[in-house]
Engineer: 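Structure incoming, see below.
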Amino acid sequence: MRRKLAAGNWKMNGSIPALDMIRKLNLAHPECPVDVVLCPPAPLLGHALQNTAGSPVMIGAQDCHAEEKGAHTGDTAAPLIAEIGATHVIVGHSERRAAYGETDAQVAAKAAAAQAAGLIAIVCIGESLDEREDGRALDVIETQLAGSIPSGSAPETLVVAYEPIWAIGTGKTPTMDEIADVHARMRAKLSDRFGAAGESMRLLYGGSVKPDNADNIFALDNVDGALVGGASLSAEDFSPIITALSES
Ligand code: PGA
């Protein structure tokens, strides 16, 4: 059984007062049967953690460096993310791949650093609109999956998020068949590579997940939860998504 996961990616949004949503989620989901992770911007991680006592909400970062420490101005070390009590880190989000030219190999190195620090790496992959329209989505996903996931990965240390670039922040999503096809392919490839462990690795869908499409997405095979951007910014939107996942 794979424990389901609702992960919220705040990106470069949020504020200290906005963290009050953790209290609201706590009230709405006191006995939460799924994992819930919020990934606020780095300066808010400590504040966020102060809000999680007695809460089902876990806290994650949005990126980390591949090295443990050193002369990397502005970067964040995975061991430090772990030291403050965060449990997850997103790596390889398409916005970072696009803005900073992060390659699959760099993403794999970051994921390995996160895992070595005791964090769960949420590794993001996803095709562009051109690649989807050219019929290359599954090939692209396979290549990114092979290149972005470190060999030491285990179900306890790895989550994969399929996020079609063209669905992020656009209100567009693939068809349910398209999502199911990608997730089936990811599952097959992870099983080929990791054996039984590949069956237990969690696969999230991300890209315009909202309260009104969550039920359909969570009903799909091999969708173990979601990575949610815009709809994770308020309890009003994120809470129904957690409920949909809990009931799926
Ligand atoms: P979105 O973002 O839910 O706002 O589309 C998802 C993501 O980028 O993780």
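We're numbering straight along the sequence, starting at 1. One-based numbering, in listed order, for ligands and for the atoms of each.
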Engineer: Does Lys11 come within less than 4.0 angstrom of ligand 1, counting non-hydrogen atoms of the residue?
Structural biologist: yes
Engineer: Does Gly230, backbone or side chain, put an N or O under 3.5 Å from an N or O of ligand 1?
Structural biologist: yes
Engineer: What donor-acceptor contacts under 3.5 angstrom involve side-chain atoms of residues 104-115, with partners at least two apart or in another chain?
Structural biologist:
| unit_1 | atom_1 | unit_2 | atom_2 | d |
| --- | --- | --- | --- | --- |
| Asp104 | OD1 | Arg97 | NH1 | 2.5 |
| Asp104 | OD1 | Ser148 | OG | 3.1 |
| Gln106 | OE1 | Thr103 | N | 2.9 |
| Gln106 | OE1 | Thr103 | OG1 | 3.4 |
| Lys110 | NZ | Asp63 | OD1 | 2.8 |
| Lys110 | NZ | Asp63 | OD2 | 3.3 |
| Lys110 | NZ | Cys64 | O | 3.4 |
| Lys110 | NZ | Glu102 | OE2 | 2.8 |
| Gln115 | NE2 | Ser153 | OG | 3.1 |
| Gln115 | NE2 | Thr157 | O | 3.1 |
| Gln115 | NE2 | Thr157 | OG1 | 3.4 |

Engineer: Could you tell me the residue and atom name of the protein heavy atom closest to atom 9 (O) of ligand 1, and the distance to it rounded to 0.1 Å?
Structural biologist: Glu163 OE2, 2.7 Å
Engineer: Please state which part of Asn9 comes within less than 4.0 Å of ligand 1, counting heavy atoms only: side chain, backbone, both or neither.
Structural biologist: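 The answer is the side chain.
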Engineer: Looking at atom 3 (O) of ligand 1, what's its closest protein heavy atom, distance included?
Structural biologist: Gly229 N, 2.8 Å
Engineer: Please examine the side chains of Leu45 and Ile59, heavy atoms only from C-beta on, and report whether any two atoms are closer than 4.5 Å.
Structural biologist: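 Yes, at least one pair of side-chain atoms sits under 4.5 Å.
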Engineer: Taking all atoms of both residues into account, what is the closest heavy-atom pair of Ile122 and Ala7, and its distance?
Structural biologist: CD1-CB, 4.3 Å
Engineer: Should Gly207 be listed as contacting ligand 1, given a heavy-atom distance under 4.0 Å as the test?
Structural biologist: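 In this structure, Gly207 qualifies as a contact of ligand 1 - some heavy atom is under 4.0 Å.
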Engineer: Check each heavy atom of Ala167 against ligand 1 and say whether those closer than 4.0 Å belong to the side chain, the backbone, both or neither.
Structural biologist: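 The part of Ala167 near ligand 1 is the backbone, not the side chain.
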Engineer: Test your reading of the structure: does Gly169 have an N or O sitting under 3.5 Å from an N or O of ligand 1?
Structural biologist: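 Indeed, backbone or side chain, Gly169 has an N or O that close.
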Engineer: Any nitrogen or oxygen of Glu95, side chain or backbone, less than 3.5 Å from one on ligand 1?
Structural biologist: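 No: no nitrogen or oxygen of Glu95 is under 3.5 Å from one in ligand 1.
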Engineer: Identify, with sequence neighbours excluded, every residue that meets salt bridge (charged side-chain N to carboxylate O under 4.0 Å, His left out) alongside Glu67.
Structural biologist: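 Residues passing salt bridge (charged side-chain N to carboxylate O under 4.0 Å, His left out) with Glu67: none at all.
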Engineer: With a 4.0 Å cut-off on heavy atoms, does Ser208 reach ligand 1?
Structural biologist: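 Yes; Ser208 lies near enough to ligand 1 that a heavy-atom distance drops under 4.0 Å.
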